[in-house]
Amino acid sequence: MSMDLQREQKRLNSVMESIMGEIDRVEEETSKRKNEVIHIRKHFWDEVKVNTDTFDDFLETIIGLRQEAQALSVSQSTHRHSSKRLATLRRMKEIPYFGRIDFTENGSTAPEQIYIGISSLTDARGENFLIYDWRAPVSSVYYDYQPGPAKYQTPGGIIEGNLEKKWQYLIRGGVLQSMFDTSLTIGDEILQEVLGKGTDKHMHNIVATIQQEQNRIIRQDSGRLLIVHGAAGSGKTSAAMQRIAYLLYKYRDQLDADQIILFSPNTMFSSYVSNVLPELGEENMQQATFQEYLDHRLGKEFDVENPYEQLEYVLTAKGDEPYKARVAGIQFKASIHFFEAIQSYRKSLEVSGMVFKNIRFRGDAIVTAQQIQDHFYSSDPTLSFHSRLEKMRDWLLKQIVETEKVEQDKEWVQEEIELLSDEEYHKAHAYLAKKSGYAGESIPDYEIEADALARLIIRKKFNPLRKMIKAYRFINIKGIYRQLFTESNLMEQVPEEWQEICLYTVKMLDERKLYYEDATPFLLLKELILGFQINSSIKHIVVDEAQDYSPFQFEFLKRLFPAAKMTVLGDFNQAIFAHAREMVDFHTLTSLYGQDKTEVINMSRSYRSTKPIIEFTRSLIPNGETIIPFERDGERPVLTQLANHEELHRRIADKVEQLRSLGSHSIAIICKSAEESSTAYEDLSNIDGIKLVKSSSLEYEQGVVVIPSYLSKGIEFDAVIIYDTSENVYADESLRRLFYTACTRAMHHLQLYSVGEPSPFLRKGLSEGLIEA
């Protein structure tokens, strides 16, 4: 062992002792706090004197309760903090640090050695840092500079100096296996080691291998919107997850994990990235899919189609009669033009066009929809739209009061009274007695007045109507949205298939179904009429696979989270949805918050796949030559042409066996659609442990999976088999990005099969010798 390595191992042993000592201390603290919490919870009421005889006693009780609740809250918070620290220390026991810089600050004579790990650690006296957190300002020097002049930003200003040396350590289980003196951003050795490994069930943190361009994403902190446009495998999502960890560290007094929300493409992807923040000792942020939000808001009224059902239709229903009109409708309803049309439609409702529902009681209309409409449009037009609706609501509540008076002497009231059970009667008696001033033992002395009981019965019967009116459910939002497609004068600049689009949209609405392309527009109209249900508690939102969102949806998200900053990640070449022609151009996204509040970062280096795989996949797309592969050797992708499906299934089974013997943990057999996946899964069911992934799958699975192309987005596999790349399956130019997305999932091996003539997408790769055929 070299002298350097011996000296470093000695230092590592000393740091390990400090970590073990800190673990013992925090374990004791955690246990103490846990017992404290248990004790306070158990004896909460012993400490509080409950006395409500006089106002002063009542006040004393309230103060006592508040003090106990506060003590519990402090103990719980301290316990949570120590538990979190304990989890981090246990991770540090495995890999205390991974890097070091020797930095001489201007004005100093000697360099300071700064060791970098997933969290900070000081010596027992708390005076000297043994390890610096990778998110600390000084650590950015490690990621951003080669030896020479360097600087970093602190809250107090910029610190300048000289980076003398940069080291990387390979530590496993507290043992120093090797160290590298590196002048590269991050030495290739460790990156090679990390990238060469098989995949895991979860995405992992990348702190030891953060590259300079990824570090820019992580620490970028000005403006409202950060747009990251990165090639497949460039580490966009990993960097975004580290960015969340960085923000939670930098703003730990102002920002909690539950004030950050990540919009994932699907629940399986959510499970795939769920490990990154806990690995760094942070709590997980909230995760949702846009579909979950739509279901939450519209699921009670409609059966809402999900994006994958929409995509499946586009991929498999080409022969359908309404196909052309449906695709045109999807594109039109995703556009900014349609967004603006809905805004101006809502404005026009101030003059005419509002649709209401009859207010019915016992089968009769108390107030008809027409009466409500007449009343609404006869109200003061100088008032705001929402004030007019509020006045409308108050007027309707008054109509309820008037109707209650009319109903009091009707026969049904007497019938209801006679049908009361003993229990219901006693409840009514007790309620009316208290209302009349009777209390405690005097309640049985109260004699029910017939009128009072009748009024109580009537009020109870009218309560659901009151609730409905207070929630503005007398407005027929579905009818108002439907009008857009039945009144010819409401829309300008419509596609040529507009009439057909109108027919199928109205048909779906009448069946209480909502196409995916209608869900956000419908919700926008509802919000514009009733007032936006904004969420001001969310401070940051991250949108992954942003190319799958329409401009319409981005405008909606901006209004939904008015207090939030936004990080948007995506890759145009993976824009697979049918609205892609109406796709967000990441540069037009800047209009959300304006040029001065937007930062755009492009990532062109790809790390996921071996160099031969990247050289092939970039041949599939326009401007692919701008993607730079990381220098990692491997075999060229292989194309095998077969005569029939029987032979295909035999070959795939053999290939899976071979890949398993080479050590591949995750093997994906990627099909174009769910329909093709389902058939392939049936025919390949003899492969041991094979699983079928559906859009409803909740967790990312290891092993051998059959998966539709669009569900594999964002995930990587050791080996990918493209089920059938023949021109029968991938001929249409609109499928190029989908095909590219499927091929870029492969880390180490990519096998393409074709039953018959291969897809025209492969011509360039074949002619340039990028595929082994």
Side-chain angles (χ1 to χ4, degrees), residues 298-303 353-380 386-483 509-512 526 529-531:
L298 298 170
K300 288 191 184 96
E301 297 169 68
F302 294 102
D303 177 5
M354 281 292 280
V355 185
F356 298 98
K357 297 173 185 171
N358 292 328
I359 309 279
R360 292 184 171 279
F361 181 71
R362 292 177 60 82
D364 297 325
I366 304 170
V367 191
T368 66
Q370 189 59 51
Q371 285 171 312
I372 301 175
Q373 193 181 48
D374 294 344
H375 191 85
F376 180 75
Y377 286 117
S378 63
S379 64
D380 183 354
H386 293 115
S387 299
R388 287 163 75 188
L389 283 176
E390 276 172 25
K391 276 187 164 303
M392 187 79 207
R393 179 197 61 193
D394 298 343
W395 177 74
L396 284 169
L397 290 170
K398 277 183 192 150
Q399 303 310 304
I400 295 289
V401 173
E402 293 306 315
T403 311
E404 282 179 336
K405 289 176 189 167
V406 172
E407 294 291 313
Q408 196 164 331
D409 301 323
K410 292 197 177 168
E411 259 179 55
W412 70 267
V413 181
Q414 206 50 47
E415 285 166 13
E416 287 286 336
I417 291 171
E418 285 163 15
L419 288 170
L420 285 176
S421 67
D422 288 350
E423 190 189 347
E424 286 167 333
Y425 185 82
H426 285 307
K427 271 187 189 170
H429 178 270
Y431 173 77
L432 290 168
K434 281 179 186 169
K435 214 174 161 199
S436 300
Y438 288 76
E441 289 171 17
S442 68
I443 286 177
D445 301 336
Y446 171 75
E447 282 184 31
I448 284 188
E449 295 169 19
D451 276 6
L453 185 56
R455 280 196 301 274
L456 183 65
I457 293 285
I458 286 169
R459 187 154 186 89
K460 199 176 168 193
K461 285 286 176 191
F462 272 92
N463 270 344
L465 273 187
R466 265 196 190 80
K467 221 169 161 183
M468 173 247 209
I469 290 165
K470 283 176 181 170
Y472 293 98
R473 289 205 302 274
F474 59 88
I475 302 171
N476 185 351
I477 308 283
K478 185 172 99 171
I480 297 169
Y481 187 70
R482 190 180 184 278
Q483 248 173 199
L509 286 168
D510 291 347
E511 291 173 13
R512 294 191 64 233
K526 185 176 182 175
I529 290 170
L530 299 180

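- Rounded to the nearest 0.5 Å, atoms CG (L453) and CG (L432) are 6.5 Å apart.
- What you find for K478 and D510 is that their closest heavy atoms are NZ-CA, 4.4 Å.
- The number of heavy-atom neighbours closer than 6.0 Å to CG of D374, taken from other residues, nucleotides and ligands shown, is above 12.
- Q483 places a side-chain N or O within 3.5 Å of a backbone atom of G353 that can act as its donor or acceptor partner.
- Under the 3.5 Å distance criterion, the side-chain polar atoms of Y472 are left unmatched by any main-chain donor or acceptor of I529.
- A donor-acceptor pair under 3.5 Å is absent between the side-chain atoms of K357 and the main chain of A369, judged by distance alone.
- Counting heavy atoms from C-beta outward, R466 and R459 have side chains that approach closer than 4.5 Å.
- A salt bridge does not link K391 to D380: none of the charged side-chain nitrogens sits closer than 4.0 Å to a carboxylate oxygen.
- Expressed to the nearest 0.5 Å, how far CD of Q370 lies from NE2 of H375 amounts to 14.0 Å.
- For the pair L420 and I457, the minimum side-chain heavy-atom distance is below 4.5 Å.
- Taking a cutoff of 4.0 Å between a charged side-chain nitrogen and a carboxylate oxygen, E424 and K427 do not qualify as a salt bridge.
- Between I372 and I359, some side-chain heavy-atom pair lies under the 4.5 Å cut-off.
- In this structure the side chain of I366 never reaches within 4.5 angstrom of the side chain of D364, judged on heavy atoms.
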>> Could you go through F376 and L389, starting from their C-alpha distance and side-chain angles, then the distance that decides it, and tell me whether this counts as side-chain contact (heavy atoms from CB on, under 4.5 Å)?
In response: CA-CA 8 Å; F376 180 75; L389 283 176; 3.7 Å; yes
> Going through the checks in order, is the ring-ring contact (aromatic ring centres under 6.0 Å, His included) test met by W412 and F361?
Replying inline: CA-CA 12 Å; W412 70 267; F361 181 71; 5.7 Å; yes
> side-chain contact (heavy atoms from CB on, under 4.5 Å) between Y425 and I417: does it pass, once the steps are laid out?
Replying inline: CA-CA 9 Å; Y425 185 82; I417 291 171; 5.8 Å; no
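- Test I475, L396, N476, V367 against F356 for side-chain contact (heavy atoms from CB on, under 4.5 Å) and you get one pass: I475.
- The minimum heavy-atom distance between F462 and E404, with the atom names listed, is CB-OE2, 3.5 Å.
- When side chains are defined from C-beta on, I480 counts as touching M354, because their heavy atoms get closer than 4.5 Å.
- Taking the charged nitrogens against the carboxylate oxygens, R473 and E301 have no contact shorter than 4.0 Å, which rules out a salt bridge.
- Atoms CZ and OG, from R388 and S378 in turn, are 9.0 Å apart once rounded to the nearest 0.5 Å.
- Here NZ of K470 is found 8.5 Å from CZ of R393. Values are rounded to the nearest 0.5 Å.
- For the pair D451 and Q408, the minimum side-chain heavy-atom distance is below 4.5 Å.
- Remark: side-chain polar atoms of E407 are not paired, donor with acceptor, to backbone N or O of I458 under 3.5 angstrom.
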>> Evaluate Q371 against T368 for side-chain hydrogen bond (donor to acceptor under 3.5 Å, both in side chains), listing each step before the verdict.
In response: CA-CA 5 Å; Q371 285 171 312; T368 66; 3.3 Å; yes
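- The environment of CD in E511 is crowded: more than 12 heavy-atom neighbours from other residues, nucleotides or ligands sit within 6.0 Å.
- Put simply, the side chain of K398 does not reach to within 4.5 Å of the side chain of E402, judged on heavy atoms.
- Rounded to the nearest 0.5 Å, atoms CD (E390) and OG (S379) are 12.0 Å apart.
- Looking at every heavy atom in both residues, L456 comes nearest to A428 through CD2-CB, 3.7 Å.
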